[in-house]
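Computed from a prediction, not measured in an experiment: that's the story for all the values here.
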Amino acid sequence: MENPQEDNHLKRELGLLDGTMLVVGSMIGSGIFIVSADIARQVGSAGWLTLIWVISGLITVIAAVSYGELSSMFPKAGGQYVYLKEAYNKLIAFLYGWSFFAVIQTGTIAAVGVAFSKFAAYLYEPLSDENILLSIGSFQLNAAQIVSIITIIILTYINSRGVKNSKTLQTVLTIIKILSLLGLVVFGLLLAAKADIWNANWADAWNTKSFDAKSGSWLPISGTALITGISAAMVGSLFSSDAWNGVTFIAGEMKNPKRNVGLSLFLGTFIVTILYILANLMYLAVVPFEEIAFAKSDRVAVVASTYIFGNIGTLIIAIMIMISTFACNNGLIMAGARVYYTMAKDGLFFKKAAVLNTASVPAWALWAQCIWASALCLTGKYGALLDFVMIIVIIFYILTIYGIFILRKKMPDAERPYKAFGYPFLPMLYIIAASALCISLLITRFETCGWGVLIMLAGIPVYYFTKPKTQED
């Protein structure tokens, strides 16, 4: 049963296009323009670079269509948090919300904000992270951090004025983003693709090797080293494909959510997967493999764009990434606040987060998120933040998708307007693949992923310490 009181507050103003654009807009940040360099160094061949993007895309689409069943069963604000609460209990849901506020959403907002400012420095040099404004002991404040915090504040303000403004901004910027990425692919293939580069890149397409920074040379890899390389490479491609679940958080503001949330998830993830694979094929047609692997600051798209458009290519990519990251953060900021709102209604977050302002949006939750994300911008540890984020995100995706199996037993007669595609085979395939990736990450990147798991587990004492005595799981 939907809560009728909720409908009096959150306004259903978002249609299928808005939902799909939120999924696409939240997914495409700066990753597609950058992470192919790291993947190339980890696996060392065109075939494996392409395959990793295809696998990441398939994993993401499988997860998204599996979420469709849950979104049609519980079409209300809070999305994944609600699914975990219904399938398990309030503790598991709280751990998700705790991790979401502590690292997942706020850490991603911070990282995307920093990517925005890095590329803004291409247009105006003083905005770069090399422009140190203040030094106190080991702490340094740079211009890029200030720019990223300002963008987070501006977007939070726009979102606090009502869902209509943020919806329009999201849809317009995302359409520009899709067209510009598609444009880059088309121009690349038409103007700069060279048969000799393509043939050279694919000549040894399946021979895996990894770049060893210590010796400065390529080393052949197989067996365990190959699995390690693939899982390390997939952190980047999966991060670039993440945040697709944002549309589930705003289900309380979607028209016909039982149909539109699941459909937005499928259409959005499918569009992005196709765009990402095309972008990588374009890189391989335009840029020699060594230059993909060793692009300056990993900016593969800048190298490709310089091949396509000459010197102005750098500016074209900088503007594209600024639009892309700005729209990405708008979607993340809009979606995130709805999780804290729903948690607060359950008594698991600050009470004020459950209060809606005159524009029918959870403004207090938006500003709390803004303050913490801004603080994370000041840490300067974005690379580590992404490792923290990905391990927790994947653990909760696994738990949520396993929740489909639990709820089929727990609520066999519940209305399911949409059923998980390929059940039980595809959801189980996702659980196995994602679990293998988590184990591999914990083994190979324990120093950062271990911290991520620790932050998540730190929520357990917090839950029992703050839980009202009368409240039951």
If you compare all heavy atoms of [X] against all heavy atoms of [Y], which two are closest, and at what distance to 0.1 Å?
X: Gly78; Y: Val339; answer: O-CG2, 4.2 Å
X: Ala102; Y: Trp372; answer: O-NE1, 2.9 Å
X: Thr106; Y: Ala373; answer: O-CB, 3.8 Å
X: Ala110; Y: Ile152; answer: CA-CD1, 4.5 Å
X: Leu189; Y: Ala285; answer: CD2-CB, 3.9 Å
X: Ala63; Y: Tyr430; answer: CB-CE1, 3.6 Å

Hey, does [Y] have a side-chain heavy atom less than 4.5 Å from the side chain of [X]?
X: Trp53; Y: Ser240; result: yes
X: Ser241; Y: Tyr276; result: yes
X: Leu263; Y: Tyr418; result: no
X: Ile52; Y: Gln42; result: no
X: Asn330; Y: Leu173; result: no
X: Ile277; Y: Val54; result: yes
X: Met73; Y: Glu86; result: no
X: Thr342; Y: Phe249; result: no

**Item:** Contacts of Glu291 that satisfy salt bridge (charged side-chain N to carboxylate O under 4.0 Å, His left out) - sequence neighbours left out
**Value:** none
Given 3.5 Å as the limit, does a donor-acceptor pair link the side chain of [X] with the main chain of [Y], or not?
X: Asn201; Y: Val287; answer: yes
X: Ser210; Y: Val43; answer: no
X: Ser45; Y: Ala205; answer: yes
X: Trp98; Y: Ile455; answer: yes
X: Lys177; Y: Gly25; answer: yes
X: Lys258; Y: Pro75; answer: no
X: Thr171; Y: Thr168; answer: no
X: Gln369; Y: Ile333; answer: yes
X: Gln105; Y: Leu332; answer: yes
X: Asn159; Y: Ser166; answer: no

So with a 6.0 Å cut-off around [atom1] of [X], is the heavy-atom count from everything else above 12?
X: Phe421; atom1: CZ; answer: no
X: Phe211; atom1: CZ; answer: yes
X: Phe446; atom1: CZ; answer: no
X: Phe270; atom1: CZ; answer: no

**Check against side-chain contact (heavy atoms from CB on, under 4.5 Å), Val300 and Val35** = CA-CA 8 Å; Val300 183; Val35 300; over 6 Å; no
With rounding to the nearest 0.5 angstrom, report the [atom1] to [atom2] distance, [X] to [Y].
X: Ser305; Y: Leu184; atom1: OG; atom2: CG; result: 5.5 Å
X: Ile317; Y: Arg299; atom1: CD1; atom2: CZ; result: 11.5 Å
X: Ile323; Y: Cys328; atom1: CD1; atom2: SG; result: 13.5 Å
X: Ile404; Y: Leu70; atom1: CD1; atom2: CG; result: 4.5 Å
X: Thr20; Y: Leu14; atom1: OG1; atom2: CG; result: 11.0 Å
X: Asn207; Y: Trp48; atom1: CG; atom2: CH2; result: 11.5 Å

**Request:** With Ile62 as reference, evaluate Leu429, Ile431, Thr269 under the side-chain contact (heavy atoms from CB on, under 4.5 Å) test and give the passing residue.
**Result:** Leu429
**Request:** Tell me yes or no: between the side chains of Lys85 and Tyr81, is some donor less than 3.5 Å from an acceptor?
**Result:** no
**Prompt:** How about Glu290 and Trp218: does a side-chain donor come under 3.5 Å of a side-chain acceptor?
**Reply:** yes
**Message:** Out of the candidates Tyr96, Tyr83, Tyr402, only one should pair with Phe396 under the ring pair (Phe, Tyr, Trp, His ring centres under 6.0 Å) rule; please name it.
**Reply:** Tyr96
Kindly assign one of parallel, tilted or perpendicular to the pair [X] and [Y], based on the angle between their ring planes and the thresholds 30° and 60°.
X: Trp198; Y: Trp202; value: tilted
X: Phe116; Y: Phe326; value: tilted
X: Tyr463; Y: Phe94; value: tilted

**Request:** List the steps and the verdict of side-chain contact (heavy atoms from CB on, under 4.5 Å) for Leu22 and Ser264.
**Result:** CA-CA 8 Å; Leu22 178 71; Ser264 299; over 6 Å; no
**Request:** Please report the C-alpha distance between Tyr423 and Phe405 in whole Å, then the side-chain angles of each, then the deciding distance to 0.1 Å, and finally whether the ring pair (Phe, Tyr, Trp, His ring centres under 6.0 Å) criterion is met.
**Result:** CA-CA 9 Å; Tyr423 178 91; Phe405 293 84; 5.0 Å; yes
**Item:** Candidates Arg12, Arg338, Lys11 - the one meeting salt bridge (Lys or Arg N to Asp or Glu O under 4.0 Å) with Glu253
**Value:** Arg338
**Prompt:** Can you list the steps and then say if Val393 with Phe239 is a side-chain contact (heavy atoms from CB on, under 4.5 Å)?
**Reply:** CA-CA 9 Å; Val393 164; Phe239 181 76; over 6 Å; no
**Prompt:** Given Phe33 and Phe119, is the ring pair (Phe, Tyr, Trp, His ring centres under 6.0 Å) satisfied, shown in steps?
**Reply:** CA-CA 11 Å; Phe33 303 100; Phe119 284 89; 7.7 Å; no
**Request:** Determine, step by step, whether Phe74 and Leu407 satisfy the side-chain contact (heavy atoms from CB on, under 4.5 Å) criterion, reporting the C-alpha distance in whole Å, the side-chain angles of both residues, the deciding distance to 0.1 Å, and the verdict.
**Result:** CA-CA 12 Å; Phe74 309 109; Leu407 288 166; 3.9 Å; yes
